[in-house]
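For clarity, every value in this text was computed on a predicted model and none was experimentally measured.
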Amino acid sequence: MSDSYDRLQASRRARLVIPLLGALLLVAGLAAPAWIGIPALAVLVAFVVWLAQRSPDQTSGLARIRVLVVGILVALLVGRFLTAVLG
């Protein structure tokens, strides 16, 4: 298990920490000031894209859900950025 994705899947602690960290980044991205929120959302998007790319099953209905989640997160990031720049 030299791949970091495989290690994340095998780790029991990671199964608890990753969703909590994702929720924390999402809340920080939406509620914190823009200088904290935009990087938090960008890190969350990058991590979710990495997880979706490394997923072994790319052809099932779950792949469509992954694309939907990434799209929603990117839309939130763009909206947060535009709000900070224009507002």
Side-chain angles (χ1 to χ4, degrees):
M1 283 191 188
S2 63
D3 187 30
S4 56
Y5 180 81
D6 292 333
R7 283 182 282 169
L8 279 175
Q9 290 296 319
S11 172
R12 187 170 196 185
R13 186 183 317 159
R15 290 182 183 243
L16 280 172
V17 171
I18 289 173
L20 291 175
L21 183 63
L24 178 69
L25 286 171
L26 182 63
V27 169
L30 297 176
W35 63 276
I36 295 173
I38 293 171
L41 283 175
V43 168
L44 182 60
V45 168
F47 185 67
V48 170
V49 166
W50 178 76
L51 283 178
Q53 177 192 12
R54 299 295 302 159
S55 176
D57 187 16
Q58 296 289 333
T59 59
S60 71
L62 289 177
R64 291 181 180 159
I65 293 174
R66 288 184 203 109
V67 170
L68 177 66
V69 168
V70 169
I72 291 170
L73 289 174
V74 168
L76 287 172
L77 177 61
V78 169
R80 183 67 196 239
F81 179 76
L82 290 176
T83 303
V85 170
L86 299 175

* Asked: Do Trp35 and Val85 share a hydrophobic cluster (ILVMFWY, side-chain heavy atoms under 4.5 Å, transitive)?
  -> no
* Where is the tightest heavy-atom contact between Thr83 and Gly79, given as atom of each residue plus distance? -> OG1-O, 2.7 Å
* Is there side-chain contact between Leu73 and Leu77, with at least one heavy-atom pair below 4.5 Å? -> no
* Asked: Does Val74 belong to the same Ile/Leu/Val/Met/Phe/Trp/Tyr cluster as Val43, with side-chain heavy atoms less than 4.5 Å apart forming each link?
  -> yes
* Asked: Is Ile18 close to Phe47 at the side-chain level, that is, under 4.5 Å between some pair of heavy atoms?
  -> yes
* Asked: Closest heavy-atom contact between Leu25 and Ala40?
  -> O-CB, 3.8 Å
* Structure fact -> Looking only at heavy atoms, the pair that brings Arg80 and Leu30 closest together is NH1-O, 2.9 Å
* **same_hphob_cluster(Ile65, Leu51) at 4.5 Å side-chain heavy-atom cutoff** => no
* Which pair of non-hydrogen atoms, one from Ala84 and one from Ala34, has the smallest distance, and what is that distance? -> CB-CB, 3.6 Å
* Could you tell me whether the side chain of Leu76 reaches within less than 4.5 Å of the side chain of Leu26, counting heavy atoms only? => yes
* Using the rule that two of Ile, Leu, Val, Met, Phe, Trp, Tyr join whenever any of their side-chain heavy atoms come within less than 4.5 Å, decide whether Val78 and Ile72 are in one cluster. => yes
* **Joint cluster assignment, Leu62 & Val70, ILVMFWY side-chain distance < 4.5 Å** => yes
